[in-house]
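Everything on this sheet refers to the single structure shown next.
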Amino acid sequence: MNKSFFKSALQYFLELVHIIVISLAIIIPIRYFLIQPFYVKGASMEPNFYDHEYLIIDEISYRLRKPERGEIIVFKYPNDPSQYFIKRILGMPGEKIEIKDGRIRVYKDKNSVGYYLNEGQYLSNIEGITNKKFNLGEDEYLVLGDNRPSSLDSRVFGPIHERSIIGRVWLRGWPITKFRIFHTPEYNLIQ
């Protein structure tokens, strides 16, 4: 073995360490502060999200603005913060929400007659939905699964606090045949 071999091996090793350090300096902040992967478990969001789908969660948007009605979010489960849930925001802070016969009625203030949410764009099954009423606090959101009969959501554990929200679903990356970027749905409120 000669000196040039050791010198070139050392240069190769130092360059490799340099590349790894730079890569980690870029990847780690993105992973922990901007976007995060999320793996869907269960049937609570069917037919929009199925078990074993791979999603990318946008963690930065809610640092710049408040969550909006209809956005699909990932949050810490209130009864066990080590678990993460995926649900849709349907009730906003300060609102009174009434769920009756599977329909959601929103009252924005005490004197409001209320409006029904038109959920036809993403909801297909409302069978067996129990009637409930919620008065949301100033930092509380009502979240429900799209597959209401099979969803553990605010009807069981109550509203969630804004601080428990991790981020909104930004895109579905797997399976690749179902790749999609998600936007906030627009609601028609029906009286």
For the atom pair NE2 (His161) and OH (Tyr141), what is the distance rounded to the nearest 0.5 Å? 12.0 Å
For a quick test of reading the model, state the closest non-hydrogen atom pair linking Gly94 to Glu138 and the distance between them. CA-OE2, 3.8 Å
Residue pair Ile99 / Leu144, side-chain heavy-atom distance below 4.5 Å: yes
For the atom pair CZ (Arg105) and NZ (Lys96), what is the distance rounded to the nearest 0.5 Å? 10.0 Å
Closest contact, heavy atoms only, Lys87 versus Val143: CB-CB, 3.7 Å
Report yes if the distance between the aromatic ring centroids of Tyr77 and Phe157 is under 6.0 Å, otherwise no. yes
What is the distance from atom CZ of Arg69 to atom CG of Leu142, rounded to the nearest 0.5 Å? 9.5 Å
With side chains defined as the heavy atoms from C-beta onward, is the minimum distance between Phe85 and Val74 less than 4.5 Å? no
Roughly how far apart are Ile160 CD1 and Leu136 CG, rounded to 0.5 Å? 10.5 Å
Mind checking the CZ-CD1 spacing from Phe75 to Ile165? Nearest 0.5 Å is all I need. 8.5 Å
Given side chain to side chain contact (heavy atoms under 4.5 Å, CB included), test Ile166 with Ile73 step by step and report yes or no. CA-CA 7 Å; Ile166 301 301; Ile73 62 167; over 6 Å; no
Arg168 and Asp58 ion-paired at < 4.0 Å: yes
Assess the side chains of Glu95 and Tyr107: does a donor N or O sit below 3.5 Å from an acceptor N or O? no
Nearest 0.5 Å, what's the CZ-OG distance between Arg88 and Ser154? 14.0 Å
Tyr62 and Glu71 side chains, donor-acceptor separation under 3.5 Å: yes
Please name the pair of heavy atoms, one in Asp153 and one in Gly145, separated by the smallest distance, quoted to 0.1 Å. OD2-N, 3.1 Å
Any side-chain heavy atom of Ile86 sitting closer than 4.5 Å to one from Ile72? yes
Would you call Met92 and Ile97 a side-chain contact if the rule is heavy atoms closer than 4.5 Å? no
Does some side-chain heavy atom of Pro93 sit less than 4.5 Å from a side-chain heavy atom of Asp139? no
Do the charged groups of Glu162 and Lys66 touch, with an N to O distance under 4.0 Å? yes
Kindly indicate whether the side chain of Tyr84, heavy atoms from C-beta on, has any atom under 4.5 Å from the side chain of Pro81. no
